[in-house]
Chemist: 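Before I ask anything, here is the structure I am working with.
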Amino acid sequence: MTEDELVADFVARRPQALEEAYRAYAPVLYSVARHVLGNDADAQDCVHDALMRVWTRPGTYRRERGGLRGFLSVCVRNEAIGRKRDAARHLAIERRLGKTDPEPPYELDVDDFLERSRLREALGTLPAEQRTALELAYFGYLSQTQIAEKLGVPLGTIKSRVAMGLRKLQAAFPTERAGTI
Amino acid sequence: MNDEHPGEAIELYALGALEPAEGLAVEEHVAACAACARRLGEAERTVAALDTLTVPMFEAPAALGERIAASARKVVVMPKARTVPNLGRWGSLAASIAVIGLGIAGGRDIADQRATIAADDRAFAAISVSHFAHTTLTKIVPDAPTAKVLWGKSPHWLYVIVDAPACGCEVIAQTASGERDLGVPQARGATATLFVADAPDAIGIELRAGARVLATAKHP
C-alpha cells in the first residue's frame with residue numbers, strides 16, 4: 001500500500017485504516033511516546049489514547065496537512081507531553097503540601113541529543129534566542145508560558161521565537177514524500 | 001470554527017508547546033481551514049524530522065497493536081461535524097454517559113444544541129478515549145440535586161453531571177492553593193453538565209448555590 005492509498009483510506013474513514021496507519025508507523029509512534037514518557041506502560045497508553053482520540057474526532061486530519069506520519073507523530077508527541085506535564089503538576093502540588101522532596105533545579109541537557117551533525121548544523125544556523133526557545137520547547141517539553149517564565153521574556157516574544165525557529169529549520173530537512181510504505 | 005487564524009500558535013502546537021485548551025483551539029481551526037492545515041503539515045514534518053534525528057527507536061510491543069485494533073473495531077465512526085445533524089451526536093454522547101446511570105433526555109431545540117456542540121464534542125472525545133474515574137457527590141444539604149463527576153486521568157479533564165436541568169449552581173474546584181470557579185453546568189435535557197478540558201490541579205469539587213455548599217466530592 002502506498003502513502004497516498006493509506007491517506008485516502010484514512011480520510012474516507014474506512015474501518016481498517018487506523019490499524020493500517022498504526023502498522024505503518026508503529027515504531028515511530030511508540031518510540032516518540034517512550035522517549036518522552038520514559039517507560040513502556042505509559043507509552044502504550046499514550047499511543048493508544050492518542051490514536052483513538054484522532055479516530056473518534058472526524059475532521060481532525062485533512063489532506064492539506066500532508067502525510068500521516070507527521071500528523072500522527074505530532075498527535076502522539078502532544079499526548080505524551082501533556083501527560084508528562086500533568087505528572088509534573090501533580091508532583092508540584094504534592095511538594096507544596098510537603099509530601100515529597102523539593103524539586104531539583106531544572107537543567108536542559110541538550111548535548112545528549114546533538115549527536116547528529118545535521119541537527120547540530122541546522123540548529124547552529126538559528127539566532128541564539130530562537131535556538132534557546134526552540135530547544136526548551138522541543139527538548140525540554142516546556143509550554144510557551146513556561147518558556148516565557150524561565151527566560152523572563154514576554155509570551156508574545158517567545159511565541160515568535162519558537163515559530164520562527166521552527167520555520168527556519170523546515171528548510172534544513174527534506175520534505176516527506178509519498179511512496180510505498 | 002474560530003475564524004481568527006492561529007498564526008504562530010501552529011508551530012507551537014506542532015512542538016507541543018501549547019496548553020490543552022490552546023491546542024484544542026488550533027485543532028478546531030485547522031479542521032476547517034486549508035491554509036492553516038498546510039502550515040501545520042509543514043511544521044509537523046519538521047518536528048517528525050527532528051524526531052528521526054533525536055529519538056532512539058524502540059520496537060513497538062505486539063500487544064499495543066492488538067489493543068489499538070480491538071479499540072478501533074469498537075468505535076462507531078462519527079461523520080464529519082459540519083455535515084451531520086446534531087441529534088446523532090447527542091445519541092452518541094448519551095450512550096457514553098449512560099455508563100454512570102444518568103440518562104440524557106432529548107427534547108431541546110436543535111438550535112440550542114448547535115450552540116453547545118463544541119463543548120459536547122470535547123466531552124464525548126474525552127470520555128470515549130481516555131481513562132477516568134467517577135464519583136457521586138456527597139450531599140451537604142438535603143435538597144441538593146444528585147450529581148456525579150468524571151475525573152479524566154490524562155489529560156485531567158472533569159465532567160460534572162447534575163441530575164437537574166436548572167440547578168442554579170456553579171462548580172468550584174478545590175486546589176492546593178485555594179479555590180477556582182470552573183463554571184455553571186448547562187442544561188442538557190433532564191440534566192445539566194459541565195465539561196472542563198484542563199483541571200490538573202483539582203483535588204476536589206463543590207457544587208454551590210451562591211455561598212451555600214450543596215454537595216462535594218474529593219478526587220479519588
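Since the model is a prediction, treat every value here as computed from it, not as a measurement. As a basis for the values below, the full set of heavy atoms in this structure was taken, side chains included, without hydrogen atoms, waters or symmetry mates. Chain letters run A, B, ... following the sequence lines, proteins first, then strands; residues in each count from 1.
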Chemist: Looking only at atom types and distance, does a side-chain atom of A/Asn78 sit under 3.5 Å from a main-chain N or O of B/Tyr13, one as donor and one as acceptor?
Modeler: yes
Chemist: Provide the closest heavy-atom pair for A/Pro27 versus B/Ala60 in the form atom of the first, atom of the second, distance.
Modeler: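 Heavy atoms only, the tightest pair is N-CB, 4.5 Å.
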Chemist: Side chain, backbone, both or neither: which part of B/Glu27 has a non-hydrogen atom closer than 4.5 Å to chain A?
Modeler: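 Just the side chain, heavy atoms under 4.5 Å.
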Chemist: For residues A/His35 and B/Pro56, report the shortest heavy-atom separation together with the two atoms involved.
Modeler: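 The pair with the smallest heavy-atom distance is ND1-CD, 3.3 Å.
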Chemist: Under 4.5 Å heavy-atom distance to chain A, tell me which part of B/Pro61 shows up: side chain, backbone, both or neither.
Modeler: both
Chemist: Less than 4.5 Å apart, side chain to side chain, heavy atoms only: is that true for B/Arg67 and A/Asp45?
Modeler: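 Yes, side chains in contact.
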Chemist: Got a donor-acceptor contact below 3.5 angstrom from the A/Ser31 side chain to the B/Phe58 backbone?
Modeler: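 Indeed, once roles are kept as given, a pair shorter than 3.5 Å links the two residues.
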Chemist: Short question: side chain of A/Arg62, backbone of B/Ala37 - any donor-acceptor pair under 3.5 Å?
Modeler: no
Chemist: Under 4.5 Å heavy-atom distance to chain B, tell me which part of A/Leu18 shows up: side chain, backbone, both or neither.
Modeler: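 For A/Leu18, the contact with chain B is made by the side chain alone.
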Chemist: With only heavy atoms counted, which part of A/Val28 is less than 4.5 Å from chain B, the side chain, the backbone, both or neither?
Modeler: both
Chemist: Out of curiosity, A/Tyr30 OH to B/Glu59 CD, how far, rounded to the nearest 0.5 Å?
Modeler: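 If we round to the nearest 0.5 Å, A/Tyr30:OH and B/Glu59:CD are 9.5 Å apart.
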Chemist: Contact part of A/Asp40 toward chain B, heavy-atom cut-off under 4.5 Å: side chain, backbone, both or neither?
Modeler: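 Just its side chain gets close to chain B.
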Chemist: What part of A/Arg85 gets within 4.5 angstrom of chain B, counting heavy atoms only: side chain, backbone, both, or neither?
Modeler: side chain
Chemist: Looking at B/Ile10, B/Thr175, B/Ile203, B/Leu50, which makes the most heavy-atom pairs under 4.5 Å with chain A?
Modeler: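 Looking at each of B/Ile10, B/Thr175, B/Ile203, B/Leu50 in turn, B/Leu50 comes out on top.
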Chemist: Are B/Glu19 and A/Gln144 close enough, and set up right, to give a side-chain hydrogen bond (donor to acceptor under 3.5 Å, both in side chains), and what steps lead you there?
Modeler: CA-CA 8 Å; B/Glu19 293 296 342; A/Gln144 57 175 346; over 6 Å; no
Chemist: To the nearest 0.5 Å, what is the distance between SG (B/Cys36) and CD (A/Glu64)?
Modeler: 11.0 Å
Chemist: Is the closest side-chain heavy-atom distance between B/Glu11 and A/Met164 below 4.5 Å?
Modeler: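 Result no, sub-4.5 Å side-chain heavy-atom pair not found.
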Chemist: Contact part of A/Ser160 toward chain B, heavy-atom cut-off under 4.5 Å: side chain, backbone, both or neither?
Modeler: both
Chemist: Below 4.5 Å from any heavy atom of chain B, which atoms of A/Leu51 appear? Answer side chain, backbone, both or neither.
Modeler: side chain
Chemist: Using side-chain heavy atoms (C-beta onward) and a distance below 4.5 Å, is B/Glu44 in contact with A/Arg65?
Modeler: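 A side-chain contact under 4.5 Å exists here.
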Chemist: Quick one: which residue pairs count as a salt bridge (charged side-chain N to carboxylate O under 4.0 Å, His left out) with a foot in residues 14-26 of chain A, not counting sequence neighbours?
Modeler: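 For residues 14-26 of chain A, and leaving out neighbouring residues, the salt bridge (charged side-chain N to carboxylate O under 4.0 Å, His left out) pairs sorted by first residue read A/Asp9-A/Arg14, A/Glu19-B/Arg73.
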Chemist: Given heavy-atom pairs under 4.5 angstrom as the criterion, report whether the side chain, backbone, both or neither of A/Leu134 touches chain B.
Modeler: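 Contact with chain B involves the side chain of A/Leu134 alone.
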Chemist: Hey, does A/Phe71 have a side-chain heavy atom less than 4.5 Å from the side chain of B/Leu40?
Modeler: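 The answer is no, as the side chains (C-beta and beyond) never meet within the 4.5 Å cut-off.
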Chemist: Pair B/Arg39, A/Arg167 - check side chain to side chain contact (heavy atoms under 4.5 Å, CB included), show working.
Modeler: CA-CA 10 Å; B/Arg39 178 169 172 173; A/Arg167 288 172 72 82; 3.2 Å; yes
Chemist: Are side-chain heavy atoms of B/Thr52 and A/Arg69 found at a separation under 4.5 Å?
Modeler: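 Yes, at least one pair of side-chain atoms sits under 4.5 Å.
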Chemist: Out of curiosity, B/Leu12 CG to A/Lys159 NZ, how far, rounded to the nearest 0.5 Å?
Modeler: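 Answer rounded to 0.5 Å: 7.0 Å.
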Chemist: Between A/Leu166 and B/Thr46, what is the shortest heavy-atom contact and its length?
Modeler: CD1-CG2, 3.7 Å
Chemist: I'd like to know if the side chain of A/Tyr138 reaches the main chain of B/Asp51, judged simply by a donor and an acceptor atom lying under 3.5 Å from each other, with no hydrogens or angles considered.
Modeler: yes
Chemist: Taking every heavy-atom pair that is under 4.5 Å apart, which of A/Gly165, A/Cys75, A/Ser143, A/Ala50 has the most such pairs with chain B?
Modeler: A/Ser143
